[in-house]
Student: 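Got a structure here, written out as structure tokens. Questions coming.
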Amino acid sequence: MSGTRRRFFQDAAVFGAGLFGLRETLHAGAPESTVQSPRENENGRHHSPYGSHGPHPAQARAVVRDHAMPMVTPDVADLAHEMDGSVKVFHLVGEPVKRKIAPFKTINAWGYNGSCPGPTIQVQQGDRVRVVFENRLPESTSLHWHGLEIPIEQDGVPYISQKPVAPGEKYVYEFTVHQEGTFFYHAHSAMQEMMGQIGFFVAHPEKDYKPSVDHDYGFILQEWAVLPNNTVPNTAAMEFNWLTFNGVSAPMTTPLLARLGSRVRLRILNLGMDHHPVHLHGHQFVVTGTEGGRAPESTWCPMNTVLVGVAQARVVEFEAKYPGAWMIHCHLPHHMMNSMMDLMRDRQIETADQTEAKAMGQMESLARSVPFQHVHPSPVAANAESVPGFPQDAFMEMGMDEVVEKPETYGLPKNWSAGMMGMMTMIRVLPDKEYENILSKKNSASPSAQEEHRHES
Ligand SMILES: [Cu+2]
């Protein structure tokens with residue numbers, strides 16, 4: 001075991017339960033016993049996603065796999081399981097979910113177990129998996145296992161492979177996972193997909209991937225059309241004003257942490273109406289896998305932007321060589337924005353009178369109603385008004401550091417949040433001392449979160 005890898009496991013023990021600053025959102029209406037965070041898995045306080053009890057041979061292998069690293073889905077919890085003999089049993093509940101996607105915007109999405117996207121399911125290649133699904137939506141639905149090679153009866157297509165699951169009904173899916181890779185589950189109904197009904201299904205490989213990584217993170221890319229003064233996504237829309245990573249828009253996305261010199265894996269999954277070119281700053285990565293599993297090393301080539309098409313997963317890996325807060329974002333310009341219209345409510349900044357004083361006055365009064373402190377640090381030229389095209393970005397920035405503060409944001413430059421919007425997060429590549437400092441902050445910041453889950457153990 002390399003020094004870096006050993007340190008990772010030490011870190012995992014320190015991390016504690018408080019990975020998420022958004023716990024109250026994640027758990028709104030969720031049966032607590034069915035959701036847990038990846039770090040709780042690593043801490044060993046709860047059922048591991050790999051299984052940890054029972055004498056079955058598959059179990060013995062699973063115990064070994066407890067030491068493998070689960071993927072972390074920032075801002076989304078993992079789904080716990082129980083064992084029935086050698087079968088891993090998950091309980092998934094499809095239901096309406098309130099999701100705070102930005103400090104001033106909460107939407108009525110649909111998801112699973114109180115979470116949108118749904119909680120992450122992590123299994124081991126070779127596992128027998130049972131998912132007891134309960135439909136608490138107001139209409140029929142089903143669950144499709146995207147990318148998995150399973151019997152047709154488990155495919156989750158209404159009328160074709162099963163009867164739709166009616167509201168209030170349960171349906172049991174059961175199959176053996178013979179593949180490895182980054183898969184997902186979703187309702188097999190277009191409008192329900194656009195309401196948010198998707199979640200990760202990760203199958204960890206029988207034989208470790210080479211090279212091994214020190215950090216493994218997953219993102220689900222989603223887009224939403226939610227008009228100002230509205231909370232319900234327009235699932236028939238062709239244009240989108242809210243873009244999210246794991247159900248939150250920057251700057252609410254929880255920054256990723258990586259120790260300087262470590263190897264990082266990102267799994268990026270897209271379910272929406274657009275394809276997203278996801279770009280990493282300051283480093284080159286290689287695509288090591290797709291929604292079909294691990295890609296042969298002969299296909300790896302250096303890049304820093306990967307196009308993640310609808311219904312695709314792209315797995316990339318890189319060495320975190322350079323210290324700093326490096327952006328990871330969709331590069332479509334309009335996907336690097338939040339909907340300013342929401343902050344304006346029923347008003348707009350009048351472009352005919354776009355003086356800084358007037359625009360700022362409106363921003364300040366609206367920010368107070370949210371409430372957050374709006375900081376606008378970027379100066380404009382004295383003759384800005386006379387330049388055709390002005391303004392473009394001048395009044396777009398929304399500094400709100402305090403509102404989105406969490407241990408992972410500690411030490412970022414003042415007003416960092418003004419530089420982050422839409423489908424965007426950052427990976428903070430940190431030297432040992434800074435990295436450990438944030439880990440200990442996470443640990444001490446989360447006693448209530450630890451307390452909250454202790455009774456389940
Ligand atoms: Cu995009």
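Values in this document were obtained by computation on a predicted structure and should not be read as measured data. Order of listing sets the numbers, starting from 1, for every ligand and every atom in it.
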Student: From the Cu ion (ligand 1) out to just under 2.8 Å, does an N/O/S atom of His276 turn up?
Tutor: yes
Student: Look at the rings of Trp326 and His283 and say which category their plane angle falls in: under 30° parallel, 30 to 60° tilted, over 60° perpendicular.
Tutor: perpendicular
Student: Looking at the Cu ion (ligand 1), which N/O/S atom of His335 is the nearest one?
Tutor: ND1
Student: Is the distance from the Cu ion (ligand 1) to some N, O or S atom of Cys330 under 2.8 Å?
Tutor: yes
Student: Give a yes or no on whether the backbone of Pro117 and the side-chain of Ser115 come within a donor-acceptor separation of less than 3.5 Å.
Tutor: yes
Student: Identify whether NZ of Lys or CZ of Arg in Arg294 sits under 6.0 Å from the centre of the six-membered ring of Tyr209 and within 45° of that ring's axis.
Tutor: yes
Student: Side chains of Ile328 and Leu266: does their closest heavy-atom pair fall under 4.5 Å?
Tutor: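 Yes, their side chains come closer than 4.5 Å.
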